[in-house]
Amino acid sequence: MASRKAIGFVGVDEFSLEMAFSAIRHGYDVQAFQINSPVIEDIVKLGGVRCSSPSEAGRDVTALVILISHIDQTNDLIFGDEGALRGLKPDTVLILRSTILPSLLHKLERDLAEIHEIAYVVDAYVSYGRSDDLNEKVIIASSGSLDAIARAQPVLSAMCEKLFTFEGEIGGGSKVKMVNVMLEGIHFINAVEALSLGAKIGIHPWIIYDIISNAAGNSWAFKNYLPLLLKGEVNHQILNTFVKELEIILNMSKSLTFPLPILAATHLQLIHGVSLVDSGDDVAAPIKVWEKVYGVNISDAEKADTYNPEQLASEFTTDSKSVRRVGFIGLGAMGFGMATHLLSSEFCVVGYDVYEPTQRRFTNAGGLIGNSPAEVSKDVDVLIIMVTNESQAENVLYGENGAVSALPAGASIILSSTVSPAYVSQLEHRLHDKYLKLVDAPVSGGVTRASLGTLTIMASGTDDALKSAGQVLAALSEKLYIIKGGCGSGSGIKMINQLLAGVHIASAAEAIAFAARLGLNTRLLFDFIAISGGTSWMFENRGQHMIDNDYTPCSALDIFVKDMGIVTRESSAWKVPLQLSTIAHQLYLAGSAAGWGRIDDAGVVKVYEMLTGVRVEGKIQAQRKDAMLHSLPPEWPEDHVLDIQTLKESNSKILVVLDDDPTGTQTVHDIEVLTEWTIESLVEQFRKSPKCFFILTNSRSLSSDKASALIKEICRNLDIAAKSIDSIDYSVVLRGDSTLRGHFPEEADAVVSVLGEMDAWIICPFFLQGGRYTIADTHYVDDSDTLVPAGDTEFAKDASFGYKSSNLRHWVEEKTNGRILASSVASVSIQLLRKGGPNAVAKHLCSLQKGTICVVNAASERDMTVFALGMIKAELTGKRFLCRTAASFVSALMGIISKPPILPSDLGIAREKNGGLIVVGSYVPKTTKQVEELKLQCGQFLKSIEVSVEKLAMSPMEEREEEISRTAELADLYLKVHKDTLIMTSRNLITGRTAAESLDINFKVSSALVEIVKRVTTKPRYIIAKGGITSSDLATKALGARCAKIVGQALAGVPLWQLGPESRHPGIPYIVFPGNVGNSTALAEVVKSWTYSIRFTSTKEILNNAEKGGYAVGAFNVYNLEGAEAVVSAAEEEQSPAILQIHPGALKQGGIPLVACCISAAKQASVPITVHFDHGTLKQDLVEALDLGFSSIMVDGSHLSFNENVAYTQFITLLAHSKNMLVEAELGRLSGTEDDLTVEEFEARLTDVNMASKFIDETGIDALAVCIGNVHGKYPASGPNLRVDLLKELHALSLEKGVHLVLHGASGLSEELVKECINLGVRKFNVNTEVRKAYMDSLITPKNDLVHVMASAKEAMKAVVAEKMHLFGSAGKA
């Protein structure tokens, strides 16, 4: 019986042999069936096994490859009595190599699934690579369902050099073949058209071949078919094959209602050729076929004497004449580069252009300027003309102030514009009459190469003209060709190049648009075609523009309107029917007519988009988040967090997370993070035997080389520290950015170089809190409930770590520069996680070849938990993994259960008053939006300081230092006055010309922020550091933290640390806010939850708390600022609630400013304090007080009759309760004097319990001021005589009615009486006399200054207030 790791083949060809050889090298056994094929013998020689039937070939194999050339074969090969299904197991992968239509493949797949329960079917288009790296090596384009592709991928990868997987549905491989073949066919006929026109105008075929093979008109078909065609080595069968395959493609296009005009013309030309072969005419060699088609004798042209154009150019330039002065007309993009290069080559150049700013720019570059073509042409040896077309050339030569009128006799003109050969020939004759020489020298190469002097120039003319211009031509070119045949030959070869290039761009547009209509991933298709037989120079260059949807003009579409117009005009003049060129010209005309003439010539694809409605842009499209997540299978039903915790408890292995910036701690809590990695610190950490700890490397801020060196150093120290302690085992995780930025693969390579090769690398950037999802191997970023492919976000444009690929397999290939191919990257699909669970994950990981990179898909925390448990189980079998992940992976691997966001109260700093410090260094657009929202929402209490990045990074040291000093001083002042302070870098992003320069700018800015925070001496209430590099540098360099505890998160995805005892501010809450986390309001939400809360506590709340706590609260009469400050200061020191009380008399004197002063003091206090209006005896006063901001009022109708008192109190109570204010009222009447109001003893009356009950019911008051023998002012010498028995009855009533008892006249009561009153329900004591006396006594001693008077008074009153707080039992109750 064959090994389970085996591949079967049913039907073999030359590709099968290559695939079998590769599979055997990768450790697979091979068994094959084919009747009468020598390939079978070769497979057997390689070690394969010959099978007698398809069923035997499919027995006990991992995958079965079936070669099908016609749908009728499926009955015998698959479904017959000895068909492959007889020996096939349900989990075998069926790989169909076929040329049948995708629709037939779909039917076959359905039959296999529904009737025969074969679940894994893919199709594969197998061909040879045609690029330099992959020439003649097998490449495969495969397609199928996600599950089928995932299962087939390892097998397909083992059988080829490069694998392309088109996910979605079967048939993609056949579609890719269609596109490749259509391009190869078009390029073949186009090459013949070019050869025919070239031969007709007298250019040797081999000269055309040699030049075009190295120019923009090249294609694989041109380079490989043309020599065979010229040598007579092409078989007629190639024509029949092309006719047959292109017919299939055209039929498919008809069924899709999709126009393929270039392909249709190609097909007609091929049919014409085949008809000539079948006619019996003398067309023994294929070249004769095309001679008949185009009416051109190519054979005779090929027999003419050949020469070497480059060698000829060398001879002319060696013998060239000295040039003193050069004129240059046409300083456009190309012309300016050419002219300035001549300046740098020490030519004297006089320039002219119709656009005056360009002339000024040329002057600034060191050139001379003429005001007309004639002025430029005076006294020059050589005049270069680089204008757009023949009309412009004619005008600058013969128009008003034209060059010809001023050129000296014997001067040479170099015409580098792309014009028709006929025009150049005619122009030479006209110039000859003026004793002027002409060099026909069109150029190719683009703007950059023009400025570098590395153009390709195709020159022709008389020997004398060429020698006169040789020195200039040599200076401008890297490749200089001299074309024999006189003026017009250079333009002729340029015309041939443009003919080829123009058709190649148009055919690329047709092919890519058709691929889009077929439903193919056009970017992946582009990658495949670029290394296949359908490629061309223009396909690889302009096709990229099409799929990037980037039409920034490299060469405008209108240029090809002109150039292809030259081709069609010349072909008409020479009577050579060029059908492909004519159709391409019409497509460019259509594009220009639609308004796209000035965009890049790749914009011709828009003609197809406009006609058919397809979009060729080859990027993964953004998806609606809810729709995509809903389309996934249900989550795995079991939650394995407890299983992971159990395994971790029984396993002593320590997880060491190397975090490239501090934000990686955003999903964990109660774990330590080290900011140093000395062996001693690591030994100390290992001895604590934690399950996990972080090391903050901050390597993302370093260059690649420095990051690698750092990781190696840390790994070496880890290894030494672990070996110095018995029984220490650990594993390493590289925590990186969830948006794929950072040093990959450099850091992973560094780990492996120290700790040894791993069984697999795990790539897992899923991060739920940040909205990062990986689905079908593509990484997405959530943006307003839209999942945007990561490669399309601002993160992918990072100056240091930018990338293009959103598909993680392709991202790996991109980041490793092709060292690791996308086809070799494995993945764990969401389907595997949700249908197979942890055991399936473990099995999959154990099956990976050593050193494989594996991508993990995940769309929920449950997915992460399933993968984590599966990986742990794989590790228990001895497997070693190196993980490069985002933050979610670590918490999943540790079985950490999230907890709610941490608030100041959780850390015991809720009442601290210092301002918080927010430092923003991150530049990502999300941060900028968050800062704008922060300033909008918190501007009323937040102080903002913007630091100029230009001054920090680009200005002299003096300006940098001044900016740092200014910012630090201002921030320190704001913090000292308890203001939350934002320090933010200016939002204009400044980048360098290279990634290294950008990192250097980042370093200068970050180091400046460090210096600013170092100079801030005031300890903030909390610190928020926005951005990874910023948060790392501030923690380690500005605050000196070597260790911190990860307490939890301030917001989902926003870590909160407490810095270690060695730091400048031990224990300070340090919030690490990533630059790329949260919505636009996230930063504002965190600041609002952490800023000092100015909360105006209500009197009702204070008294309710007193009732619960069994204590009383002092209400202290205040008259001025000193009184308010005395009460607040005492309350804060004693941690006691208190009430600031204002009597009508005080209000009359102090007015609204006194009230405002008290309210402000209450709001700013760190303990609960309210403001109360006392003894409101007049309605007017009370109504006014309702709108002044008091928390409570006392309605004093004690001077009224009972019924009047009830009515009066009831009226005010209704108004006050509408404002949620507490109402206190008095029943009975106190004697004594307060604030010049005196009540005689005979007027005093005690509170009646029965009347009190009725009073409370009818008025709805909240607090009752009782009269039990207490008095305002001083008690008599005999002391207070309180009716405690009455208070006891009133207490019972208050409990029944739910009101608080208040006792006025607390000054002078003994400690025993006060405590007894509290025990009997008094919750508010009014204190006035003793506080006032303390104030007045303080004035007796003379003071030197008014401020000393204020300070002395405040301290005197404060002492009395503090004493009362202890007496009332409120001290320590805040």
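The model shown is predicted, which means the values in this text are computed figures rather than measured ones.
For Glu245, the side-chain hydrogen bond (donor to acceptor under 3.5 Å, both in side chains) test picks out no residue, with sequence neighbours left out. When the ring-ring contact (aromatic ring centres under 6.0 Å, His included) test is applied to Tyr481, no partner is found at least two apart in sequence or on another chain. Remark: Ser219 pairs with no residue by the side-chain hydrogen bond (donor to acceptor under 3.5 Å, both in side chains) rule, at least two apart or across chains. Not counting sequence neighbours, the partners of Ile271 by the side chain to side chain contact (heavy atoms under 4.5 Å, CB included) test are Val243, His267. Not counting sequence neighbours, the partners of Phe258 by the ring-ring contact (aromatic ring centres under 6.0 Å, His included) test are Phe514. In this view, Glu14 and Tyr128 satisfy the side-chain hydrogen bond (donor to acceptor under 3.5 Å, both in side chains) rule, not counting sequence neighbours. Looking at residues two or more places apart in sequence or on another chain, you find no side-chain hydrogen bond (donor to acceptor under 3.5 Å, both in side chains) involving Ser489. For Ser425, the side chain to side chain contact (heavy atoms under 4.5 Å, CB included) criterion is met by no residue, not counting sequence neighbours.
Judged as a side chain to side chain donor-acceptor pair (under 3.5 Å), the pairs with a partner in residues 505-521 (not counting sequence neighbours) are, in order, Glu510-Tyr608. Within the structure, the salt bridge (charged side-chain N to carboxylate O under 4.0 Å, His left out) test picks out the following pairs touching residues 297-310 (sequence neighbours left out): Glu310-Lys479. Among residue pairs with one or both ends in residues 173-195, those qualifying as side chain to side chain donor-acceptor pair (under 3.5 Å) are Tyr125-Asn180, Glu184-Tyr225, Asn190-His504, Glu193-Ser581; sequence neighbours excluded. Applying the salt bridge (charged side-chain N to carboxylate O under 4.0 Å, His left out) test to pairs two or more places apart or on separate chains, those with a residue in residues 121-139 are Arg130-Glu136.
Between the Asn497 side chain and the Ile493 main chain, no donor and acceptor come within less than 3.5 Å of each other. Judged purely by atom type and a 3.5 angstrom limit, Ser572 has no side-chain atom pairing as donor or acceptor with the backbone of Thr568. Checking side-chain atoms of Glu609 against main-chain N and O of Val616 turns up a donor-acceptor pair under 3.5 Å. Judged purely by atom type and a 3.5 angstrom limit, Ser420 has no side-chain atom pairing as donor or acceptor with the backbone of Ile566.
Interatomic distance, Leu17 CG to Ile40 CD1, rounded to the nearest 0.5 Å: 10.0 Å.
The pair Lys107-Asp111 counts as a salt bridge, with a side-chain nitrogen and a carboxylate oxygen less than 4.0 angstrom apart.
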